[in-house]
Amino acid sequence: MSTDQQASHRINFFEQLHQQFLFMKGYGTYAYISSHDVDQLYTSYLMQQNTFAASVTQQGNEISFIRSFIKSL
C-alpha cells in the first residue's frame with residue numbers, strides 16, 4: 001500500500017469513527033476519547049484486520065470494529 005493509500009485509509013477510518021460516535025452516542029469522537037486513544041484504536045484495527053475473513057468488505061469490517069469499540073465504552 002502506497003503512502004497516499006495509507007493516509008487515505010487512515011482518514012477514512014477516522015471519518016467512520018466520528019460518524020459512528022455521532023450516530024450511536026450523539027456526540028463526536030473527542031467527547032469520549034482522546035486523540036492518542038484514536039491513534040491506538042486505529043493501530044488495533046490494523047492488527048485485527050488480518051484475522052477477519054477475506055470475504056468481509058473493508059468498510060463493513062471497519063464499521064463493525066468501530067461499533068464494537070463504541071459499545072464497550
Side-chain angles (χ1 to χ4, degrees):
M1 190 180 291
S2 74
T3 303
D4 289 341
Q5 288 174 323
Q6 289 173 343
S8 177
H9 183 261
R10 185 179 185 92
I11 290 167
N12 289 336
F13 181 87
F14 291 167
E15 288 175 358
Q16 285 291 337
L17 180 65
H18 184 68
Q19 289 175 5
Q20 293 304 314
F21 263 101
L22 285 173
F23 176 73
M24 296 177 73
K25 298 285 191 176
Y27 293 97
T29 304
Y30 298 111
Y32 292 92
I33 59 176
S34 71
S35 58
H36 178 72
D37 293 335
V38 171
D39 287 336
Q40 287 183 326
L41 182 63
Y42 180 70
T43 301
S44 295
Y45 168 73
L46 290 178
M47 290 178 2
Q48 189 178 22
Q49 186 177 16
N50 294 331
T51 62
F52 286 117
S55 63
V56 177
T57 64
Q58 182 176 352
Q59 184 178 15
N61 195 15
E62 285 178 0
I63 293 171
S64 176
F65 179 85
I66 291 168
R67 285 184 177 178
S68 293
F69 171 75
I70 294 171
K71 287 178 182 178
S72 73
L73 294 178

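Sequence positions, counted from 1, serve as the residue numbers for this chain.
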Roughly how far, to the nearest 0.5 Å, is the CD1 atom of Ile11 from the CD atom of Gln16? 13.5 Å
Which side-chain N or O atoms in residues 23-31 pair as donor and acceptor under 3.5 Å with protein atoms at least two apart or in another chain?
residue : atom : partner : partner atom : Å
Thr29   : OG1  : His18   : N            : 3.4

Below 4.5 Å, heavy atoms only, C-beta onward: do Phe13 and Leu41 meet side chain to side chain? yes
Looking only at side chains, do Gln5 and His9 share a donor and an acceptor under 3.5 Å apart? no
Please find the pair of heavy atoms, one from Arg10 and one from Tyr42, that lie closest to each other, and give the distance. NH1-CD2, 3.2 Å
Joint hydrophobic cluster, Leu17 plus Leu22, side-chain heavy atoms closer than 4.5 Å: no
Residues 66-73 side chain polar contacts: donor-acceptor under 3.5 Å, at least two apart:
residue : atom : partner : partner atom : Å
Arg67   : NE   : Gln20   : OE1          : 2.7
Arg67   : NH2  : Gln20   : OE1          : 3.2
Ser68   : OG   : Ser64   : O            : 3.0
Ser72   : OG   : Phe69   : O            : 2.5

Identify the two heavy atoms, one from Phe65 and one from Gln48, that lie closest to each other, and give their separation to 0.1 Å. CE1-OE1, 2.5 Å
When you compare the side chain of Ser8 with that of Asn12, does any pair of heavy atoms fall below 4.5 Å? yes
